[in-house]
Peer 1: 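This is the structure I have questions about; it appears just below.
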Amino acid sequence: MYEITEKRDLAHRVSLFKIKAPRIAKKRKAGQFIVLRLDEHGERIPLTIVDSDNEAGTITIVVQEVGRTSSLLCQKGKGDTILDVVGPLGKPTHIENFGTAVCVGGGIGTAVVLPISVALKGAGNEVLSIVGARNKDLLILEDEITEASTKLHVTTDDGSYGHHGFVTSVLEDLIKDGRKIDIVIAIGPVPMMKAVAEVTRPYGIKTLVSLNPIMVDGTGMCGACRVTVGGKNQFVCVDGPEFDGHEVDFKELVLRNRSYLKEERIAIEEATYHEGTKCYERGDCS
Amino acid sequence: MKEEIVADMDPKEMKARMKMPRQPMGEQDAKERVKNFYEVPLGYTPEQAIAEAKRCIQCKKPLCVAGCPVGIDIPWFIRLIEEGKFVEAARKLKETNALPAVCGRVCPQEDQCELVCIVGKKNEPVAIGRLEKFAADYEREHGEVSVPDAAKSTGKKIAVVGGGPAGLTVAGDMVKKGHSVTVFEALHTPGGVLMYGIPEFRLPKKIVSAEVDCLAKMGVDFQCNSVVGKLDTIDELIADGYEAVFIGSGAGLPYFMNIPGENLIGVYSANEYLTRVNLMKAYQFPEYDTPVIRGRHVVVVGGGNTAMDAARTALRLCPKTVSLVYRRSREELPAREEEVHHAEEEGLDFQLLRNPVRFIGDEDGRLIAVECVKMELGEPDDSGRRRPVVIEGSEYQLECDVAIISIGNGANPLIPQTSPDINVNKWGNILGDPETGRTSKKGVFAGGDIVRGGATVILAMGDGRKAADSMDEYLKDGKW
Ligand SMILES: Cc1cc2nc3c(=O)[nH]c(=O)nc-3n(C[C@H](O)[C@H](O)[C@H](O)COP(=O)(O)OP(=O)(O)OC[C@H]3O[C@@H](n4cnc5c(N)ncnc54)[C@H](O)[C@@H]3O)c2cc1C
Ligand SMILES: Cc1cc2nc3c(=O)[nH]c(=O)nc-3n(C[C@H](O)[C@H](O)[C@H](O)COP(=O)(O)OP(=O)(O)OC[C@H]3O[C@@H](n4cnc5c(N)ncnc54)[C@H](O)[C@@H]3O)c2cc1C
Ligand code: SF4
Ligand code: FES
């Protein structure tokens, strides 16, 4: 059992949790994630470790409500427990002093990119952050990102705050202004990561993206998380989650993340389940 | 005492025994059982078990024992069943086999003890596996499971990596020898393949849990959700005061075929499919949260036990058809005959001498068909089996919305990657001494599938037993 020691709502349907997991807190590095299971009936879902506090023995996660498990989790509060938390999983981000790093975060990806920005700044990089949200109310972790960056650019799709537009236009402006950029790290919705990779491709700027396929075990045992990178099959949970954005087959990832659209709907509607293995979708089989 | 039991048998009685028919095992009817996940064989009644035990002629030099990878004293435990001493029979089994309820169900007895049983020369062999299952179940169901006393504490602590049959055996043996044992398991529950791979209808999960609970009662400390190599490395465990480490991390890396369309929605590795259904209970979705695509037409690729398990699982999720595509002929199917037979009864369509060449999807990236070629058998290959060769121009398509790839597993590289001083072979399997389990790293032992590649439960347990003995010795003399 893993106890929730703190919960904060960051934006509409986005919450931050601190969870007591001292062994993970001690070990985790930027870019790594956990897999958690809420209860006996729960699904295993991956979430990035955004921060940790070695002394308190806690890890921080930021969760967006998108489906059944994330919504159930967001109903929990301080003092509640989570049945299983395993981690730290995945390869840590390779951190060194690249020179100038641009960290692009979109939506919930802002939380995922934060620990990487912190580590890059710690290694002496100049960190330029570009954070995008649909509107001002959905912007998260602005203070934390500000602290982890040399300069922060905020964009909103509706212009309610910061720059009106997408993260890619700010990135393009930076490049066109002649800023020397040594590495770009982009984390967010797949279309955003793809767009960022397309912006940097003609300039040959190294671009890392953090992929979010559907996972089960998170230890390389099942292959659910496989993606095609540079024409080769990779398991995101052990070979990633970060990959060269110019090599990833984003289209395949988008499709694969839609594998269970029908089941996800059923899970939310909590369709009545019949005894035995009688089908929830086809009553005709028995 | 042994001599008393195997007193010479009267030749007349021996003959009579050898003529007795094998006791049939009741089974759930095939039509019924494909609608549920309950166990298929119903098990012997005490009367049947005694009757079957009477077929054993109590050989003085029992061939069956030599055929058993861990050398269970088979005639002795059968004799105890014959005398109605069922609980004693179970305890006798447990002296050499930590998990008899599991082995009675999943061991390939027809290739081991029962293959060589003398009664089998002219008649059907003694049903050793069914008797083993009977005794172990009797003990458990009658609340007679005894928790063996641990020896006086030695004050030494050891770590076991992986809670599969190999790791559980080491844990049980070492705790009995008085050492303090911690099992680190990556998943949320111990059991390894017994928990995530082998389906409920072949090995009910409550049986595995009961064995794990028993070990916990004996004092084994289970640390689930602990991926060694990520949380702590082997070196860190040693630095933490674990004086010896056993690695039983299994062969958990699924192979794919590297043919076009393999990442379409609906194409699963057998590991993923079985994990979703068994470990995560997707067959009870949405009562359990993890989904699995049920599919109307399911194709399973491969011919081993895993393929058979995947196919029989698919049959229980109410599809229209389930087909097995295997590139050799029926004789070469590596799966146990019993499983092949069960699958046949349950309506599995065998597409033998066929091989998939590509998966075909629709515009949403969902699988709609698989293209296969026909094969014929040519000259024998290295394994002695006749090599399948493609018949040119024989392509055809099979409609399917779920395909399960079951062509074997490799070694998970996580531990070797983080402990480079543990030597591995070219496939990434850890090199462990077959007699002692010792690896190239002092104090570190390994066994089971991580050493052998995909093998069997009983071999993994045998490795565990040998490693525990050798580890105990090492803890005493420190010699490597
Ligand atoms: C390495 C990694 C790190 C992640 N870090 C975070 C994080 O820090 N914060 C966070 O909120 N989310 C994170 N995610 C995504 C998170 O795992 C999913 O949102 C979650 O699994 C959804 O589960 P659910 O039951 O709530 O929704 P479901 O009902 O399962 O799905 C709802 C919708 O979400 C989409 N979805 C399902 N699984 C994923 C997925 N794995 N990634 C993206 N979309 C998905 C589906 O397309 C579906 O339409 C991460 C994913 C990965 C692989
Ligand atoms: C579907 C299927 C059906 C089978 N049917 C049969 C059968 O009928 N009869 C038979 O005899 N054999 C059968 N086998 C083979 C048999 O199950 C295996 O040979 C046996 O389980 C191997 O045992 P093990 O202890 O070596 O490994 P496993 O059972 O694989 O257990 C390894 C454990 O280690 C854990 N682990 C891995 N890495 C780490 C890490 N870094 N840190 C912590 N823990 C880790 C895993 O999560 C797992 O729990 C079958 C296999 C499969 C897949
Ligand atoms: S070989 Fe057969 S008859 Fe002989 S002891 Fe073993 S089980 Fe009994
Ligand atoms: S999640 Fe199972 S292999 Fe990556």
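The sequence lines fix the lettering, A, B, ..., with proteins before strands; numbering per chain opens at 1.
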Peer 1: I'd like to verify something: which residue of B:Gly229, B:Ser269, B:Pro254 has the highest number of heavy-atom pairs under 4.5 Å with chain A?
Peer 2: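 Heavy-atom pair counts peak at B:Pro254.
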Peer 1: Could you tell me whether the side chain of A:Arg68 reaches within less than 4.5 Å of the side chain of B:Pro286, counting heavy atoms only?
Peer 2: no
Peer 1: For B:Glu272, which residues count as a side chain to side chain donor-acceptor pair (under 3.5 Å) partner, sequence neighbours excluded?
Peer 2: B:Arg276
Peer 1: Which atoms of A:Leu253 are under 4.5 Å from chain B, going by heavy atoms: the side chain, the backbone, both sets, or neither?
Peer 2: neither
Peer 1: To the nearest 0.5 angstrom, please state how far the CG atom of B:Leu264 sits from the CG atom of A:Leu255.
Peer 2: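 Those atoms lie 9.0 Å apart.
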Peer 1: Have A:Asn233 and B:Asn263 got a donor and an acceptor in their side chains that come within less than 3.5 Å?
Peer 2: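 A pair is found: one side chain offers a donor N or O, the other an acceptor, under 3.5 Å apart.
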Peer 1: Are any non-hydrogen side-chain atoms of A:Arg226 and B:Val267 less than 4.5 angstrom apart?
Peer 2: yes
Peer 1: Using non-hydrogen atoms only, which part of A:Arg23 is less than 4.5 Å away from chain B: side chain, backbone, both, or neither?
Peer 2: both
Peer 1: Quick one: closest heavy-atom pair of A:Thr219 and B:Ala186, and the distance?
Peer 2: CG2-CB, 4.3 Å
Peer 1: What's the spacing between A:Arg44 CZ and B:Leu279 CG if we round to 0.5 Å?
Peer 2: 7.0 Å
Peer 1: Could you measure the distance from the OG1 atom of B:Thr275 to the CE atom of A:Met221? Nearest 0.5 Å is fine.
Peer 2: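 If I round to the nearest 0.5 Å, the distance is 3.5 Å.
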Peer 1: What part of A:Leu72 lies closer than 4.5 angstrom to a heavy atom of chain B: side chain, backbone, both or neither?
Peer 2: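 Contact with chain B: side chain only.
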Peer 1: Select all residues of residues 405-420 of chain B having any heavy atom within less than 4.5 Å of some heavy atom of chain A, and report them by number, or 'none'.
Peer 2: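 Residues in range: B:Asn412.
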Peer 1: Would B:Arg366 and A:Ser259 count as having a side-chain donor-acceptor pair, cut-off 3.5 Å?
Peer 2: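 Distance-only check fails for B:Arg366 and A:Ser259.
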Peer 1: How many angstroms lie between atom NZ of A:Lys26 and atom CG of B:Asp232, to the nearest 0.5 angstrom?
Peer 2: 6.0 Å
Peer 1: If you count every heavy atom of other residues, nucleotides or ligands that lies below 6.0 Å from A:Arg258 atom CZ, does the total exceed 12?
Peer 2: no
Peer 1: Working to the nearest 0.5 angstrom, can you tell me the gap between A:Phe235 CZ and B:Phe256 CZ?
Peer 2: 4.5 Å
Peer 1: Give me the atom names and distance for the closest heavy-atom approach of B:Leu231 to A:Pro88.
Peer 2: CD1-CD, 3.6 Å
Peer 1: Can you tell me if B:Lys230 uses its side chain to pair, donor with acceptor, with the backbone of A:Gly90 under 3.5 Å?
Peer 2: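 Yes, the answer is positive, given that a donor and an acceptor are paired below the 3.5 Å cut-off.
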Peer 1: Above 12 or not: heavy atoms from other molecules or residues under 6.0 Å from NZ of B:Lys157?
Peer 2: yes
Peer 1: Only pairs of heavy atoms separated by less than 4.5 Å count here; which of A:Gly223, A:Ala224, A:Cys222 has the most with chain B?
Peer 2: A:Cys222
Peer 1: Quick check for you: to the nearest 0.5 Å, what is the distance between B:Glu262 atom CD and A:Thr228 atom OG1?
Peer 2: 10.0 Å
Peer 1: Of the non-hydrogen atoms in A:Asp217 and B:Leu187, which two are nearest, and what is the gap between them?
Peer 2: CB-CD2, 4.1 Å
Peer 1: Would a 4.5 Å heavy-atom cut-off, applied to side chains only, mark A:Val85 and B:Asn225 as touching?
Peer 2: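 A:Val85 vs B:Asn225: side chains apart.
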Peer 1: Just checking A:Lys194: does its NZ atom have more than 12 heavy atoms from other residues, nucleotides or ligands closer to it than 6.0 angstrom?
Peer 2: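 Open.
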Peer 1: So does B:Glu236 pair up with A:Lys27, basic N to acidic O under 4.0 Å?
Peer 2: yes
Peer 1: What are the two closest non-hydrogen atoms of B:Ile293 and A:Tyr260, and how far apart are they?
Peer 2: CG1-CE2, 3.6 Å
Peer 1: Measuring heavy-atom distances to chain B, does A:Gln32 have an atom under 4.5 Å in its side chain, in its backbone, in both, or in neither?
Peer 2: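 For A:Gln32, side-chain heavy atoms alone lie under 4.5 Å from chain B.
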Peer 1: With sequence neighbours left out, write down each residue that passes side chain to side chain donor-acceptor pair (under 3.5 Å) with B:Gln223, or none if nothing qualifies.
Peer 2: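 Side chain to side chain donor-acceptor pair (under 3.5 Å) list for B:Gln223, sorted by chain: B:Asp221.
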Peer 1: How close do A:Gly220 and B:Leu253 get, counting heavy atoms only, and between which atoms?
Peer 2: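 In terms of heavy atoms, the two residues are closest at O-CD1, 3.6 Å.
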Peer 1: Could you give all pairs that pass the ring pair (Phe, Tyr, Trp, His ring centres under 6.0 Å) test and reach residues 27-56 of chain A, with sequence neighbours left out?
Peer 2: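 Every ring pair (Phe, Tyr, Trp, His ring centres under 6.0 Å) pair that includes a residue of residues 27-56 of chain A, provided the two are not neighbours, is A:His41-B:Tyr288.
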Peer 1: Non-hydrogen atoms of chain A under 4.5 Å away: do they reach the side chain of B:Tyr273, the backbone, both or neither?
Peer 2: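 B:Tyr273 has no heavy atom closer than 4.5 Å to chain A.
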